[in-house]
Structures are given as structure tokens and as C-alpha cells.
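All residue numbers refer to positions in the sequence shown, counting from 1.
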Amino acid sequence: MESGTQRADRSRPQDSPQRSGNDRAEGAAIRDGIGDGATRPATRRHASRGDGAARGNDILAALDLGTNNCRLLVARPSGQGGFRVIDAFSRIVRLGEGVGASGALADAAIERTLDALRICGSKIRRRRVTRFRAVATEACRRARNGPEFLARVEQETGIALEVISSSEEAGLALAGCAPLLDPNLPGALVFDIGGGSTELAWSRGTLAQGQAAVTSIPIGVVTLAETYGGDRYGPGVYERMIEDVAVWLRAYEREHAIAAEVGAGRVQVVGTSGTVTTLAGVHLNLPRYVRDRVDGLFLDVADTLAIGRRLADQSFEGRAAHPCIGRERADLVVAGCAILEAICRQWPVMRMRVADRGVREGILFGLIAGTS
């Protein structure tokens, strides 16, 4: 496996099993709006676009297929641009496993993801969703067999995934986190540590997506863990992981001069990712993850980075023993901690806010407003 430095140097800034006929029939039923009564579920983006703002009787759904996770929210509009969640689904699928090395989605990863998407399709059909958008991100942007995968998803689940750009992904995360932002602070830096990439959105005085400076760096928890391993990390290895990320952040800082705003106390930082929500759960010593305890929580940055370093010193089994980490995240959480530390070194705020929300919520706000 190539080193992180070798991988970054290529583009860094200067400084499956056969599925049954029933699976395909279920997908066709979703696409054709049969099998669940008269209401036709919306499974393509065009079912929502151009219809104007959502109505009170609409059922909305947003699906975010990332490099590591498959997440779905189903909601009803609740007035004044808000929504009330009526169903949800989240599963770690690791769709992007091995993409950095092979350039293609692996058969096992595709099957895991299809299993999750079938559940999503069933929920969409059962809830009689009328406005829907499903997006795919870095793994599908990178993989050479991405188009074939998307075609199979639509054939077998009825879900038409839309591969969005990294800048749109960052903008959706910013929109999804907007309710957590303090209007008295003019600057907002929102970051989303994903599986295959990390998105940054910088907004000075406005939350209008088109006026936010968004970027994506091609390093996420899966790609960084695949480079450096997932067991125990020495201090030198952890520092190299941080530096792999820092070189990209320095380029973003040169362009936008965020550090000066941070130094003047005019910036709030919000993190939306499995990394920050996991660290919040560890900080609270929760016996199990509870979203209501985590979403919106303020974390002291120094204490949070110290937790990350303690996790890096532990073995895989030691991290897996924590109920807010488990075996599914134990090999990825340290990579996320390294990305987080790189961000906090570049823009050293005293505290940050945790968001258990992001792209899906950004999609829902767009569906409600009629802009998605």
C-alpha cells in the first residue's frame, strides 16, 4: 500500500452474488408506483424538482449514500420551513472500501450497500413518499464502475441515485447545520469528515449556499485508515496522518484567510460527521449513543483532541469495547481524529459544536423550499 505522502503527492497543493428475480421485481414496483396503493412513491429527483414548495400533506425523504454510510430520513413539513422526522435508517456499508487502491467498488461492498438500499426502498414505499432526493458522494465520484453500480441500484431497488459534486455536498452539509449556527457570530466554518473525503464550508455573514466558500479534500476516514492501518498508532504515525490533511487545509486558508477571523473571535465551528458525534459520545461516557444528548453539544477542543490521542494509543480491541465506537468504527475513528486535529490546528477555536445532522437535512430543507 502506498504511503499517505505518496498518495497525496499525486494531486496535493504545492507547499457480486446473483440476486433473485424478487429483488428486481420489488425495484420495479417502486419505480412504477405499484404494490402499495394509489400513492406513487417518488424515487427520482425529478419527482420533486419543479413542483414548488412542499405542501403540508407531502411526505419527504432524503437519502445520503456516502463512502462509509447509507442514511435515510423520512419527514413531514412542519411549518416555517421545518420538518418532523417520521422514519430513519442508517447503516455502515463501507461502499468505498478499497476504492483508493483499486479504483473500483468491490463486489462485497456493492452487495452490502444494495442490502441497505433495499431497506430504504421498502421504507420509501411503505411511507408513500411524494418528494424524494437520493445522492451519492465520493465513492461513486471516484469509482470507475460507479455508473454500473448506479444502474444496478435503480434496477434492483427503484432508487435513482444522483452523484453530486463535492462542492454541492459541502453546501448541503452547511444548509443542514444552519439551525445550530449562532446568528450573533458572523463567520461559520462547517466541516464534514466523510469516508472518502472531507468537506469544508466557510460562510461569512450569510448562509446562502451560493455565497459560501466550499471545498473538498480527497481524504476521509476510510482512505486514511487504509493508508495507515486500523490498529495501534505511534505518535510519529499520527502526526503524519495529520500532516496529510494539513497540506490541503493550508491551501484553503491561503485562499480565504479564515485564521484572522478566528483570532478575532468572529468564527463558530460546527462538525458534522461520525467522528465528532462518536467523540461526543465518548466525552459524555454514554453507555449507548443517544442523538438527543449529542446533537448541538458544545465540546472543548483541547479536551476533544486529547480523547483522540488516547484512542490512537489504544488497540483496535480497546477502542471497540467502547459502546459509542464498537467494532464497526474502531478501525476508522483514529483517522477521523487525525483529520479533526488538523482542522483544529489550522483554525484554533476554543470550542466547537457537534451536529448529528448534515446532508440529509440539507436535502430536506431544499425539498421543502422547492429548490432541490
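For R232, the side-chain contact (heavy atoms from CB on, under 4.5 Å) partners two or more places apart in sequence, or in a different chain, are S315. Under the side-chain contact (heavy atoms from CB on, under 4.5 Å) criterion, E328 pairs with I92, not counting sequence neighbours.
With contacts defined as side-chain heavy-atom distances shorter than 4.5 Å, the pair R76/I59 qualifies. Looking only at side-chain heavy atoms (C-beta outward), E138 and V222 stay at 4.5 Å or farther from each other. Considering only heavy atoms from C-beta on, L297 comes within 4.5 Å of L284 through its side chain. The shortest distance between side-chain heavy atoms of D356 and Y289 falls below 4.5 Å. Between D244 and L224, the closest side-chain pair of non-hydrogen atoms falls below 4.5 Å. No side-chain heavy atom of V214 sits under 4.5 Å from any side-chain heavy atom of E199. Side-chain contact between L63 and L161 is present, with heavy atoms from C-beta onward closer than 4.5 Å. Contact check for R71 versus R91: no side-chain heavy atoms found under the 4.5 Å cut-off.
Counting all heavy atoms, side chain and backbone alike, L180 lies closest to V354 at CD1-O, 3.8 Å. Closest approach of L367 to A61, counting heavy atoms only: CD1-O, 3.5 Å. T275 and G336 get closest at one heavy-atom pair: OG1-CA, 3.3 Å. Closest heavy-atom contact between D231 and Y233: O-CE1, 3.5 Å. Between G196 and R142, the shortest heavy-atom contact is O-NH2, 3.2 Å. Listed here is the closest heavy atom pair of I368 and G81: CD1-O, 3.8 Å.
With a 6.0 Å radius and a threshold of 12 heavy atoms from other residues, nucleotides or ligands, R291 has its CZ atom above the threshold.
Checked for salt-bridge contact, R112 and D115 miss the test: no charged N lies under 4.0 Å from a carboxylate O. Taking the charged nitrogens against the carboxylate oxygens, R55 and D58 do have a contact shorter than 4.0 Å, which makes a salt bridge. A salt bridge links E243 with R250; the closest basic N to acidic carboxylate O contact falls under 4.0 Å.
Linking Ile, Leu, Val, Met, Phe, Trp and Tyr whenever their side-chain heavy atoms come within less than 4.5 Å puts V85 and I363 in one cluster. In this structure, L340 is not a member of the same hydrophobic cluster as F298, with clusters built from ILVMFWY side-chain heavy atoms closer than 4.5 Å. Put simply, I307 and F316 are part of two different groups of oily side chains (I, L, V, M, F, W, Y) that touch within less than 4.5 Å, one to the next. Hydrophobic cluster membership is shared by F89 and L95, with clusters built from Ile, Leu, Val, Met, Phe, Trp and Tyr side chains linked at under 4.5 angstrom. One hydrophobic cluster holds both L72 and I119 under the rule that ILVMFWY side chains link at heavy-atom gaps under 4.5 Å.
In this structure, the separation between CG on L105 and CZ on F149 is 6.5 Å, given to the nearest 0.5 Å. Going from atom SG of C344 over to atom CG of L305 covers 5.0 Å, rounded to the nearest 0.5 Å. Atom CZ in R94 sits 5.5 Å away from atom CG in N68 (nearest 0.5 Å). Going from atom OG1 of T130 over to atom CG of L60 covers 6.0 Å, rounded to the nearest 0.5 Å. For the atom pair CZ (R204) and CG (L185), the distance works out to 13.5 Å, reported to the nearest 0.5 Å. The CD1 atom of I124 sits 4.0 Å away from atom CD1 of I159, with the distance rounded to the nearest 0.5 Å.
Side chain of E361 to main chain of A175: no donor-acceptor pair is present (N/O by atom type, distance under 3.5 Å, no hydrogens or angles). Remark: the backbone N or O of A109 is not paired with any side-chain donor or acceptor of E97 at under 3.5 angstrom. The closest donor-acceptor contact from the side chain of T215 to the backbone of L200 lies at 3.5 Å or more, if one exists at all. In this structure, T223 contributes its side chain and I219 its backbone to no donor-acceptor pair below 3.5 Å. Side-chain atoms of R144 come within 3.5 Å of backbone atoms of S102 as a donor-acceptor pair (strictly under, hydrogens ignored). The backbone N or O of D64 lies less than 3.5 Å from no partner atom in the side chain of R360, so there is not a single donor-acceptor pair. Judged purely by atom type and a 3.5 angstrom limit, E156 has no side-chain atom pairing as donor or acceptor with the backbone of V153. Under the 3.5 Å distance criterion, the side-chain polar atoms of R353 are matched with a main-chain donor or acceptor of G296. With hydrogens and angles disregarded, no donor-acceptor distance shorter than 3.5 Å links the side chain of R293 to the backbone of L286. Checking side-chain atoms of S122 against main-chain N and O of R118 turns up no donor-acceptor pair under 3.5 Å.
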Next on the checklist: Checking R345 against E239 for the salt bridge (Lys or Arg N to Asp or Glu O under 4.0 Å) test, could you report, in this order, the C-alpha distance in whole Å, the side-chain angles of both residues, the deciding distance, and whether it holds?
Outcome noted: CA-CA 12 Å; R345 284 186 188 181; E239 285 297 325; 2.8 Å; yes
Item to check | side chain to side chain contact (heavy atoms under 4.5 Å, CB included) assessment of V294 paired with V290 | outcome: CA-CA 7 Å; V294 169; V290 181; over 6 Å; no
Checklist entry - Hey, mind stepping through F365 and F83 against ring pair (Phe, Tyr, Trp, His ring centres under 6.0 Å) and telling me if it holds? => result CA-CA 8 Å; F365 286 134; F83 57 82; 5.3 Å; yes
Checklist entry - Is there a side chain to side chain contact (heavy atoms under 4.5 Å, CB included) between D313 and Y238 once you walk through the steps? => result CA-CA 10 Å; D313 288 338; Y238 195 66; over 6 Å; no
Item to check | Candidate pair V276 and M352, rule side chain to side chain contact (heavy atoms under 4.5 Å, CB included), full reasoning | outcome: CA-CA 10 Å; V276 293; M352 64 179 175; 4.3 Å; yes
Next on the checklist: Could you go through V349 and L189, starting from their C-alpha distance and side-chain angles, then the distance that decides it, and tell me whether this counts as side chain to side chain contact (heavy atoms under 4.5 Å, CB included)?
Outcome noted: CA-CA 11 Å; V349 294; L189 179 65; over 6 Å; no
